[in-house]
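Read through the structure below, which is laid out as structure tokens, and then see the notes.
Per chain, numbering begins at 1; letters A, B, ... match sequence-line order.
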Amino acid sequence: MEPRRQQGWAAQADLYRADPPGSGRPKYYVLEMLPYPSGQLHMGHVRNYSIGDALARYMRMNGYNVLHPMGWDAFGLPAENAALKNNTPPREWTLNNIAQMRRQMDRLGLSYDWRTEVTTCLPEYYRWNQWFFLRMLERGLAYRKRSKVNWCPECATVLANEQVIDGCCWRHEETVVEQRDLEQWFLRITQYAQELLDGLDALPGWPDRVRTMQKNWIGRSRGATIRFFLADAVGDDAEESAARRGKTPLPAAEGFDPEGLDRDAPGIEVFTTRVDTIYGATSLQLAPQHPAVESFAQADESLRREVEDLLEEQRRAREADDLATLEKRGAFTGRFAINPFNGERLPIWVANYVLLEYGTGAVMSVPAHDERDYEFAKKHGLEIRVVVLPRRTAEPAAAGEQDSPALPYVEEDSLVINSGRFSSLGCEEAQEKMAAFAAVCGFGGPDVAYRLKDWGISRQRYWGTPIPVLYCERDGIVPVPDDQLPVLLPDDVKITQQGGSPLGGVVEFVKAVCPRCGGPARRETDTMDTFVDSSWYFYRYADPGNAEAPFAREKIDYWFPIDQYIGGVEHAILHLIYSRFWTRVMRDLGLVANSEPAVRLFTQGMVIRNGAKMSKSKGNIVSPDEMIARYGADSTRMYSLFAAPPDRDLDWQEDGVAGVSRFLGRVYRLGMRYGQQVRSGAGAREYGESPVATGLLRELHKTIRKISQEFSGRWHFNTCIAAIMTLVNAITAAEPDLAQLPAAESTAVWCELLPNLVLLLAPFAPYLAEELGEVCGAAGPVHSQRWPQFDAELARDEEVEVPVQVNGKLRGVARVAPGAANEVLQQAAMSLERVQTAVAGKNIVKVVIVPGKLINLVVAAG
RNA sequence: GCCCGGAUGGCGAAAUCGGCAGACGCAGCGGACUUAAAAUCCGCAGGAGUUUACCCUCCGUGGGGGUUCAAGUCCCCCUCCGGGCACCA
């Protein structure tokens with residue numbers, strides 16, 4: 001039955017078409033994350049798309065103009081691997097996979113309008129990646145710099161972070177990945193760090209979990225940047241101190257005055273969230289890669305060797321993903337820097353626990369009030385100086401050594417001591433005043449640091465968007481002019497494992513003419529990260545054929561923001577933060593009005609089996625094709641919605657699919673039994689007053705209410721399906737009674753029950769709904785019909801069952817009319833035999849009545 | 001280490017606002033139909049006790065405490081499982 005229906009749908013081109021802007025119906029944009037075209041849909045996709053399709057169908061039936069598109073995240077490394085393995089060109093391989101997966105999606109009965117399909121590996125799409133890149137380049141949002149990359153010596157090529165597994169190459173599990181310095185293109189996402197962070201508060205429709213993850217990823221810290229000036233002249237004291245190998249600071253020079261410091265003198269900048277502890281600083285610690293370290297080491301052979309050791313150690317730990325537990329080691333540089341607050345000269349060290357990438361790559365070490373500094377100082381015998389005490393022991397008189405708290409003491413609700421003019425301030429106040437003081441004196445000030453780093457988009461791969469720049473011997477970096485876009489990815493490229501970008505080997509591609517001087521130029525051979533493709537694909541759906549621009553503004557204004565985005569939580573950070581960034585860039589280019597791509601986000605749970613994520617290595621993969629072949633698309637989809645609420649992990653149990661399939665079979669047979677009757681009795685309304693008729697209609701309308709509520713609320717479709725099952729059970733059980741009614745009445749009941757049941761099924765089991773709709777004589781496709789309206793009158797209970805408790809224990813159920821007076825209810829409760837036994841010989845102390853819900857008699861012995 | 005989730009029958013789960021714990025389904029058991037099986041239909045089904053049976057009683061939502069007439073649900077403490085981040089200064 002399903003393949004036949006599928007053909008019928010395919011023939012109706014306009015079935016799922018969205019109207020252009022201005023149609024009058026309210027718009028609704030429901031989007032599911034586009035898949036990578038591996039060639040095989042997996043159960044995670046089935047789940048994701050079943051949720052989205054149910055919603056799309058429901059919204060359509062409720063009169064919305066629904067945009068429900070699908071596309072392909074079609075660039076990426078697997079195509080190159082397949083090329084190597086099967087000798088198939090990546091393009092061919094990818095397009096074949098797309099055709100295959102499209103068939104699978106159609107077979108599932110997903111309601112996409114394929115005319116909006118977007119395929120990111122086609123020039124019509126990726127030319128706009130290049131166009132956006134050029135706009136960013138113009139605005140300084142794209143830039144080039146040297147940076148560390150993962151390098152597999154075996155493949156002689158660069159790897160993406162995702163391809164580094166436990167520090168080794170994914171193709172050569174024994175081969176440790178190295179870090180190499182390469183020139184890379186970056187997008188300045190950090191320029192939007194604050195806005196991306198603030199924007200999260202304006203996204204109440206996003207799961208807290210995702211918002212928290214993004215917040216942590218952006219990692220904003222408020223603090224101060226302080227400049228420690230290099231102490232060039234080291235006097236006699238220093239000789240002695242240097243001999244102590246930089247373990248304690250040297251006292252301030254005579255007549256030191258912070259306000260008299262030369263703000264232009266060379267120094268080392270330090271970012272700290274705890275300026276209030278600066279009087280407790282006893283050294284500076286620099287990242288081994290810090291530029292100052294290099295200059296210090298130039299004149300000092302033994303220091304250079306030590307730094308190299310530290311670098312090597314840090315590198316190895318980084319590869320083993322073991323940085324946090326690395327033993328803290330360091331080396332004294334022999335130099336000193338002036339603490340601008342008190343003039344002390346602090347020994348400058350290099351330490352393996354300081355990271356170049358964060359803050360300024362240098363820290364002031366305050367062992368008494370920082371765990372890492374404490375650990376380091378203990379190990380190397382550095383001075384530890386307490387400058388913060390808990391409020392209760394920090395009374396000036398009591399501030400003796402013996403009152404020192406356990407170190408390191410990091411509590412911020414404390415008082416600052418031994419800190420010059422800032423002594424006895426609270427930590428937070430001291431932080432503010434000290435940062436302000438630094439600003440006044442010109443050696444620093446309040447500052448903010450982010451964990452977020454700029455987005456490196458260069459990939460030394462073939463199957464991606466070519467980065468549209470040229471390198472001219474005379475003019476340097478030259479952007480490809482707009483009218484020369486797209487820079488086409490050449491087709492006949494030999495994919496090898498031998499070093500660097502495959503495009504580098506294509507002479508016709510690399511050789512170019514500089515558009516400025518007409519001289520010879522070399523084309524960039526790196527391609528873009530595929531996250532670029534997925535950062536804006538959902539805009540293209542609104543205007544997929546546009547050859548003049550990525551999209552027309554008025555279409556975006558109509559469709560955006562996305563009303564509901566649905567996908568896996570694994571994209572919570574990367575894809576979803578890049579998309580938010582890209583949208584803001586487009587907004588600042590004047591291309592869109594919205595700042596956020598999607599107002600609501602839903603992250604579905606994983607599909608697992610036997611308690612573990614499905615994977616080849618565990619051998620617990622369930623193939624959608626197999627499920628569909630065995631149980632049909634409706635059963636497969638419906639089970640994926642029935643087995644668990646969509647936000648939770650779903651344990652795939654084939655017996656469960658069989659159960660859903662059985663249920664759908666029951667519904668089918670029910671429809672076949674009464675379809676003829678419904679068709680011929682269309683419009684019959686006189687269902688009479690029989691208890692069986694009113695009872696069933698009540699059940700029907702309660703179910704309508706229940707399901708409608710779920711769609712606009714929690715999306716617990718598992719309970720929707722359970723409700724439909726309950727309804728069907730009630731109908732089946734009442735069949736004999738209905739048969740006893742006068743023919744006109746039973747026909748009228750079936751005419752109300754069956755078509756509405758079909759409508760309720762439509763979002764979850766579209767094939768069966770369509771089939772039965774036809775059987776019942778529906779005028780046109782079920783999925784173009786109106787969602788049934790809940791009738792409060794029909795749903796009203798004649799009688800409610802109110803549980804009766806005595807001292808909180810259930811003793812019976814009283815039956816009363818809904819809205820019955822409390823006295824009536826209590827009367828009914830008291831007349832229950834079990835209640836009387838329980839109350840016998842005791843005093844009723846209190847009666848708790850929750851109208852319509854419960855009655856509780858509180859009794860005491862007596 | 002820090003931040004999020006989660007824990008309810010043999011299993012997936014339900015109980016949406018503090019008000020009948022286990023809806024719905026799976027597996028299981030019993031029955032009908034059948035030469036038989038499959039399919040289908042009907043019924044039973046948290047645990048313990050008592051009982052010929054009907055009934056009835058007690059216990060029960062990871063563990064311990066608390067608030068309340070009433071707690072799976074709220075508060076405090078703890079255990080286990082899953083995920084994210086992690087030398088972020």
query = Can a salt bridge be assigned to the pair A/Arg705 and A/Glu710 using a cut-off of 4.0 Å between side-chain N and carboxylate O?
reply = no

What are the atom names and distances for every N/O pair under 3.5 Å that joins the protein to nucleotides 69-71 of chain B?
| residue | atom | partner | partner atom | Å |
| --- | --- | --- | --- | --- |
| B/C69 | O2' | A/Asn856 | ND2 | 3.3 |
| B/C69 | O2 | A/Asn856 | ND2 | 2.6 |

query = Paired with B/G5: which nucleotide, if any, by Watson-Crick or G-U wobble criteria at under 3.5 Å for both distances?
reply = B/C81

query = Under 4.0 Å between a side-chain N/O of A/Arg648 and OP1 or OP2 of B/A14, yes or no?
reply = yes

query = For B/G9, does the glycosidic angle fall within 90° of 0 (syn) or outside that (anti)?
reply = syn

key: Pairwise C1' distance for B/G60 and B/C81, with rounding to whole Å   = 22 Å

inquiry  = Would you say the ring centers of A/Phe717 and A/Phe711 fall short of 6.0 Å from each other?
reply    = yes

key: Counterpart base for B/G18, defined by Watson-Crick or G-U wobble contacts under 3.5 Å   = none

task = Report yes if the side chains of A/Glu570 and A/Thr603 come closer than 4.5 Å at any heavy-atom pair, otherwise no.
result = no

Atom pairs under 3.5 Å, N or O on each side, protein against nucleotides 23-31 of chain B: can you list them with distances?
| residue | atom | partner | partner atom | Å |
| --- | --- | --- | --- | --- |
| B/G25 | OP1 | A/Asn729 | ND2 | 3.1 |
| B/C26 | OP1 | A/Arg662 | NE | 3.3 |
| B/C26 | OP1 | A/Arg662 | NH2 | 2.9 |
| B/A27 | OP2 | A/Arg662 | NH2 | 3.2 |

ask   = Please walk me through it: do A/Asn339 and A/Tyr279 pass side chain to side chain donor-acceptor pair (under 3.5 Å)?
value = CA-CA 8 Å; A/Asn339 181 342; A/Tyr279 284 81; over 6 Å; no

query = When rounded to the nearest Å, what value does the distance between C1' atoms of B/G72 and B/A14 take?
reply = 11 Å

inquiry  = Using O4'-C1'-N9-C4 for purines and O4'-C1'-N1-C2 for pyrimidines, with syn meaning within 90° of 0, is B/C17 syn or anti?
reply    = syn

query = Can you check the A/Glu801 CD to B/C20 C1' distance for me, whole Å?
reply = 9 Å

request  = Check whether any side-chain N or O of A/Asn843 sits under 3.5 Å from a backbone N or O of A/Val845 as a donor-acceptor pair, and report yes or no.
outcome  = no

message = When you measure from the centre of the six-membered ring of A/Trp217, is the NZ or CZ of A/Arg451 closer than 6.0 Å and no more than 45° off the axis?
response = yes

message = Please check this pair: side chain of A/Asp649 against backbone of A/Gly605, looking for a donor-acceptor N/O pair closer than 3.5 Å.
response = no

A/Tyr639-A/Trp652 aromatic ring centre distance below 6.0 Å = yes

query = Given that both distances must come in under 3.5 Å, which nucleotide forms a Watson-Crick or G-U wobble pair with B/G25?
reply = B/C11

ask   = How close or far is atom P of B/C41 from atom CG of A/Leu670, stated in whole angstroms?
value = 11 Å

Over-ring placement of A/Lys328 relative to A/Phe376, 6.0 Å and 45° cut-offs = no

key: Euclidean distance for C1', B/C24 against B/C75 (whole angstrom)   = 33 Å

ask   = Looking for any heavy atom pair under 4.0 Å, which part of the strands does A/Arg211 touch: base, sugar-phosphate only, or nothing?
value = nothing

query = Atom CD1 of A/Ile608 and atom P of B/A7: how far apart are they, to the nearest Å?
reply = 13 Å

Separation of the P atoms in B/G46 and B/A23, to the nearest angstrom = 8 Å

inquiry  = For the residue pair A/Arg811 / A/Gln805, report whether a side-chain donor-acceptor contact shorter than 3.5 Å exists.
reply    = no

ask   = Looking only at atom C1', what distance separates B/G62 and B/G6, rounded to whole Å?
value = 11 Å

query = Will you find, in the side chains of A/Asn352 and A/Gln314, an N or O donor that is under 3.5 Å from an N or O acceptor?
reply = no

ask   = Which part of the nucleic acid, if any, lies within reach of A/Glu710 when heavy atoms closer than 4.0 Å are counted: base, sugar-phosphate only, or nothing?
value = base

ask   = So, is A/Arg834 close to the B/U57 phosphate, meaning a side-chain N or O under 4.0 Å from OP1 or OP2?
value = yes

key: Strand partner of B/C41, provided both Watson-Crick or wobble distances fall under 3.5 Å   = B/G31

ask   = Can you give one letter per nucleotide of nucleotides 82-89 of chain B, 5' to 3': B if a protein heavy atom sits under 4.0 Å from the base, S if only from the sugar-phosphate, - if neither?
value = --SSSBBB

task = Write down the partner of B/U52 under the Watson-Crick or G-U wobble criteria, each distance required to be under 3.5 Å.
result = none

task = State plainly whether the residues A/Glu357 and A/Lys453 are in salt-bridge range, i.e. N to O under 4.0 Å.
result = no

note = Taken to the nearest whole Å, CG/A/Leu825 to C1'/B/G19 is 13 Å

message = Nearest to the A/Thr732 side chain among B/C20, B/U40, B/C42, which nucleotide is it?
response = B/C42

inquiry  = Taking atom NZ as the centre, does A/Lys379 end up with more than 12 heavy-atom neighbours from other residues, nucleotides or ligands that are less than 6.0 angstrom away?
reply    = yes

key: Flag side-chain contact, heavy atom, 4.5 Å: A/Ile566 against A/Met33   = no

message = What is the separation between atom CD1 on A/Ile731 and atom C1' on B/C41, rounded to the nearest whole Å?
response = 17 Å

remark   = Partner of B/A86 under the Watson-Crick or G-U wobble criteria, both distances under 3.5 Å, comes out as none

task = For B/C77 versus B/C3, give the span between their P atoms, rounded off to a whole number of Å.
result = 12 Å

inquiry  = Taking B/A21 as the reference, what is the distance to B/C59 when you measure between their P atoms (whole Å, please)?
reply    = 12 Å

request  = Look at the side chain of A/Lys706 and the base of B/U16, then say whether one donor and one acceptor between them are separated by less than 3.5 Å.
outcome  = yes

ask   = Atom CD of A/Glu735 and atom C1' of B/C41: how far apart are they, to the nearest Å?
value = 11 Å

task = Sticking with atom C1', work out how far B/C11 lies from B/C20, rounded to a whole angstrom.
result = 25 Å

ask   = Whole Å only: how far is the CG atom of A/Leu832 from the P atom of B/C56?
value = 12 Å

query = CZ of A/Phe717 versus P of B/U16: gap in Å, rounded?
reply = 18 Å

